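This report concerns only the one structure given below.
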Amino acid sequence: MTSREQADREAALTDRVVQSFAGTESTRLKQVMESLVRHLHAFARDVRLSEAEWRQAIDYLTACGHITDDRRQEFVLLSDVLGFSMQTITVNNAAYGDATEATVVGPFFVAHSPEIAIGGDMSHGATGMPCWVEGTVRDCAGAPLPGARIEVWECDADGLYDVQYADDRTACRAHLFAAADGSYSFKGVKPVPYPIPDDGPVGALLGATGRSPMRAAHLHFMVSAPGQRTLVTHIFVAGDDYLERDSVFGVRDSLIREFADQPAGTPTPDGQVVAETWTRARFEIVLAPAGS
Ligand code: BEZ
Ligand code: FE
């Protein structure tokens, strides 16, 4: 068989499979399945996938399934390290005016975090350099969004989120509501870089490809207000070693902030004297209108 005949055979198979979805009632499902088949077939043809490699891929996905449970989602992690999560976010959060850019939610968000007052402490005693974060929440026209709900979560100085602790303590997570002028502030700890869970198939993939599991130091935000698009984002720490090689491709330049270290004994903006060095950062949050 000539290589032309072989290529025609492969293309004909793709066409037959695509054609099999012709009767799909949902036009969206039809579009998604047809495109998925075209891309999967193109991939197998492009790399000339061997049958052993096909089997290895099935075994790999099976291993992802086996390690996944209510607390661990290896498929989302795989999507994250392939940049697929970030690409989906990019597709769905088109730039709109000055709206703050979105990034990955990650596996450590927990609903029903404790509420804190403005200026309150979201660390709940976790280890880390004390950190004061402040800013405003506004819409794209610059109007403050009083009452906007601000969820924040981060890891402690050891790179652990509270859900990774052996006990069920809550630490480094809270929600608060913006004031009448849109302002907010809270105390936390200075973000540090940490590895994503790398003791499973995703870690094996990173190891085999010479990639680091480290995430650039960050603090997570989820901000919502009526009539506005909910924003899931982070702030990153200027000068952090991992900004250029974040394992899940979550860094956007617009989200990098200066954290200004303050000498021990400097009072915080709410008048508390802190005996150790602490740091502060500002984050102005701009929400895009819902449906934009
Ligand atoms: C996180 O930032 O919490 C995270 C994001 C993606 C994968 C793992 C962790
Ligand atoms: Fe994180």
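Bear in mind that the values here come from a model prediction, so they are computed numbers and not experimental data. Note that ligands are numbered from 1 as they come in the structure, with each ligand's atoms numbered from 1 the same way.
- In this structure, Phe109 does not count as a contact residue of ligand 1, since none of its heavy atoms falls inside 4.0 Å of the ligand.
- A distance-only check finds a donor-acceptor pair linking the side chain of Thr103 to the backbone of Gly250 [under 3.5 Å].
- The neighbour count for Asp168 CG, taken as heavy atoms of other residues, nucleotides or ligands under 6.0 Å away, does not exceed 12.
- Taking 2.8 Å as the threshold, His220 counts as a candidate ligand of the Fe ion (ligand 2), since one of its N, O or S atoms lies below it.
- More than 12 heavy atoms of other shown residues, nucleotides or ligands fall within 6.0 angstrom of atom CD in Gln6.
- If you number the atoms of ligand 1 from 1 as listed, the ones under 4.0 Å from a heavy atom of Leu77 come out as 7 (C), 8 (C).
- Between Phe236 and His234, the ring center distance clears the sub-6.0 Å criterion.
- Within a 6.0 Å radius of CD in Glu244, no more than 12 heavy atoms belonging to other residues, nucleotides or ligands are found.
- In summary, the atoms of ligand 1 found under 4.0 Å from a heavy atom of Ile196, numbered by their order in the structure, are 7 (C), 8 (C), 9 (C).
- With ring centers used as reference points, Trp153 lies 6.0 Å or more from Phe108.
- Of the possible polar contacts, one joining the Thr209 side chain to the Leu205 backbone as a donor-acceptor pair under 3.5 Å is found.
- For ligand 1, the atoms lying closer than 4.0 Å to a non-hydrogen atom of His220 are 1 (C), 2 (O), 3 (O).
- Per-residue contacts place Phe108 under 4.0 angstrom from the following atoms of ligand 1 (heavy atoms of the residue considered): 3 (O), 9 (C).
- Not one N/O/S atom of Cys155, from backbone or side chain, sits under 2.8 Å from the Fe ion (ligand 2).
- Nearest-residue assignment for atom 1 (C) of ligand 1 (options Trp153, Phe249, Tyr194; heavy-atom criterion): Tyr194.
- Here the shortest heavy-atom distance to atom 8 (C) of ligand 1, taken over Gly106, Ser79, Pro107, belongs to Pro107.
- Residue Asp80 has at least one heavy-atom neighbour below 4.0 Å for each of these atoms of ligand 1: 6 (C), 7 (C).
- Against a heavy-atom cut-off of under 4.0 Å, Val248 is close to the following atoms of ligand 1: 6 (C), 7 (C).
- Taking the six-membered ring wherever Trp is involved, the centroid distance between the rings of Tyr194 and His218 falls below 6.0 Å.
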